[in-house]
Amino acid sequence: MPMLNLEYTYLTLPAAFYSYTKPLRFQSPNLLIENEALLAKLSIPPAYLSALISTNTNDKSLEVPHAFSQAYAGHQFGHFTMLGDGRALVIGEFVDDVERFDLQLKGSGPSAYARRGDGKATVKSMMREYLVSEAMDGLKIPTSRSIGVIATGETITRERQEPGAVLGRIMKSHLRVGTFEYARYFLTTEDLEALLLYAVDRLYPQCRAAENMAVQFISSVATNQFQLIAEWMRVGFIHGVMNTDNTAISGETFDYGPCAFMNQYHPNTVFSSIDTQGRYAFEQQGSIIQWNLVRLTEALLPLIDSDESRAIERAKALIQSFDQEWTERYNGVMAKKIGFPIADSISNSLVKELFTLMQLHAVDYTNTFAGLSHALPDAINPWNIPAFRAWKNSWNETAETLGYSMEERLQCMAEANPVVIPRNHIVESLLSETVQWDANPEKKQRFQEALNIWSNPYIFDAERIPWMNPPTQEEHLGHQTFCGT
Ligand code: AMP
Ligand code: MG
C-alpha cells in the first residue's frame, strides 16, 4: 500500500484530550461496500481500510502508531457524563487540495474510553450510517461521509448475536460541544483555551481577529448549527440522539444511530426506541440545538471574560440572540419550500397554514412538497384534497401579488424539495438483506441502486416514482429504529 500522507494536528493539544488506540486486526475482513468515487477524490487507495484491519499483512505502511481516540464528555438526554471515543479512533488527518479531514474508524475495538463496551459495531448499524450519510450528502446537507464498511467476520453480542463491522468515515473535524464540556469540567482553563485556539484555527480562523474570540466562535458555531438543523427539517430528517457529544463544532451531521426521515407529517414524530420522552422529536430539534449551544456557551464562560459577572452578562446577551437567529434560519429555509426566495410574515403564515393542513390530513411530508412542483401519481398526491387546493389558490394569488412567477417558484423549490428520501421501511429492508449478499448478488445491486437514487434526490423521473411510496400501515408499525449499535 502506498503510505497515506497523514498529519496529526490534534496531537498538539494537551495529552488529556486523547489516548493512543490501535485498530484491532481480523483474520478475514470482508469489504462489504466501498465509496469508490470518494476514495478517488481523496487519493485513498481502494481496499485501504480492509488492509488496515487485516492480520494478513506485514505491510509497514499500514502501521498507524499515532492513531488516537478523542476524550469528550456530553449531555446525553439532558444528563452530563464523561464519554470519549469508546469504539472509534482517528487514523490521522489528511489534507486534500483545500480542506483538512479526520479519517476515522468506528467499531474497530475498545479504547481507553470504552468503559464496559466491547468497542465493536454491528454490520447493520454501520451499513445504516453508510447509506444515510451518503443520502444526506446527496440532499446537499453537510455531513460526515462514509468511505467503506468492512465485515470483521466476528459475531458480537447485542440483543441477539450479530455480525460485526468497521466503518470508515471522514469529517472536517470530530470536535464536538462535548469536547468543550470535557475541557471545562475535567481539565484546566489553560486546556480549555488550548482547545478553543485549536478549534478556531482549524474550523473558524476568522474568529482570531474578533474583539471577543470566544463569543465570535460560539456565534459562528451557532450559525452553522442553526442552518444545519433547518436543513434537516427541510427534508424531514430526525437525528434521534442530539446529545451534546453528537453536536459537531464544524456544523456537520454525524453519528447516524436511530435517525430516520419522517413520512406522514406530524411535529411530534419520533423514531428512536430510546427517546421515550420525545426529547428529540422532529419539531423539538430547533430548541434542542439552542439548549446544546447554551451548554457550549457555559463551557466557554471563563474565556468570554476573566471577570465572571462580566462573562455572564456577555453570555446572556449571546444566548438571548439564539432564538431569533434560529427562527430566521428556519423561516428562510421553509419559505424556499413553497418557492419564495425570502421569508416574511406572508410566507411564514402560508407555511404555517400548510403545516396545519398537513397534520390534519396526515399527509406525507416529502410528497406534499414534491407535489407542489411535479405531477405526482394520484395515489401519492395530496393536492387532490379540496382543502389543499384552496391553499394552493391562495398561494398562487399571494405569489402573484408579490411578483414571484411560477417559473421562479419552481426553480426555488427544485433545490428545496427532494423527490426521494431514504424512507425507513426501505432502509430497514435493504439492511436486513446484507447478510444475503454473498448468496444473492442482486440484493447488493439493490443496495447500490438505492444509493444511486438517493444520491440524486431532486430529480423527478419515472425511475424514482417507485421510491416515493410511503410505507404501508404494516411497514409503518415496524418503524422504530434501535440504537442497537
Ligand atoms: P453514540 O450514542 O454512538 O454517540 O455513543 C455514545 C458513547 O458511547 C460514545 O462515547 C461511544 O464511544 C460509546 N459507545 C457506544 N457503543 C460502544 C461500544 N460498543 N463500546 C464502547 N463504547 C461505546
Ligand atoms: Mg456519538
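FYI, side chains are in, hydrogens and waters are out, and symmetry mates aren't considered; it's all heavy atoms of this structure. Remember, it's 1-based here, ligands and their atoms both numbered in the order they're listed.
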Asks: Have a look at Ser69, Gly178, Gly119, Gly107 and point out the one with the heavy atom closest to atom 20 (N) of ligand 1.
Replies: Gly119
Asks: Please work out which of Arg87, Arg176, Arg115 has its closest non-hydrogen atom nearest to atom 17 (C) of ligand 1.
Replies: Arg87
Asks: Applying a strict 4.0 Å limit to heavy atoms, is Val241 in contact with ligand 1?
Replies: no
Asks: Taking 4.0 Å as the limit for heavy-atom contacts, which would you say applies to Lys120 with ligand 1: side chain only, backbone only, both, or neither?
Replies: backbone
Asks: Under 6.0 Å from the ring centre and within 45 degrees of the ring axis: does the NZ or CZ of Arg446 meet both conditions for the six-membered ring of Trp437?
Replies: no
Asks: Could I get the full list of side chain to side chain contact (heavy atoms under 4.5 Å, CB included) partners for Ser287, not counting sequence neighbours?
Replies: Gln284
Asks: Does only the side chain of Asp255 get under 4.0 Å from ligand 1, or the backbone, or both, or neither? Count heavy atoms.
Replies: side chain
Asks: Which is it for Met82 and ligand 1 at heavy atoms under 4.0 Å: side chain, backbone, both or neither?
Replies: neither
Asks: Should the proximity of Asp85 to ligand 1, defined as any heavy atom under 4.0 Å, be assigned to the side chain, the backbone, both, or neither?
Replies: backbone
Asks: Using a 6.0 Å distance limit plus a 45 degree cone around the ring axis, check whether Arg176 lies over the aromatic ring of Tyr72.
Replies: yes
Asks: Can Glu231 and Arg329 be counted as an ion pair, charged N to O under 4.0 angstrom?
Replies: no
Asks: Of the backbone atoms (N, CA, C, O) and the side-chain heavy atoms from C-beta on, which set of Tyr113 has a member under 4.0 Å from an atom of ligand 1: side chain, backbone, both, or neither?
Replies: neither
Asks: Taking only protein atoms, how many N, O or S atoms are found under 2.8 Å from the Mg ion (ligand 2)?
Replies: 2
Asks: Hey, does the Lys NZ or Arg CZ of Arg234 hover above the aromatic six-ring of Trp232, less than 6.0 Å from the centre and inside 45° of the axis?
Replies: no
Asks: Does this structure show an ion pair linking Glu181 with Arg184, if we count only N-O contacts that are shorter than 4.0 Å?
Replies: no
Asks: In terms of side-chain heavy atoms, does Glu162 have a donor or acceptor partner in Thr155 at a distance below 3.5 Å?
Replies: no
Asks: Tell me the salt bridge (charged side-chain N to carboxylate O under 4.0 Å, His left out) pairs involving residues 248-276, sequence neighbours left out?
Replies: Lys106-Asp255, Arg169-Asp255
Asks: Which residue pairs pass the salt bridge (charged side-chain N to carboxylate O under 4.0 Å, His left out) test with at least one member in residues 138-157, sequence neighbours excluded?
Replies: Lys120-Glu154, Glu134-Arg145, Asp137-Arg145
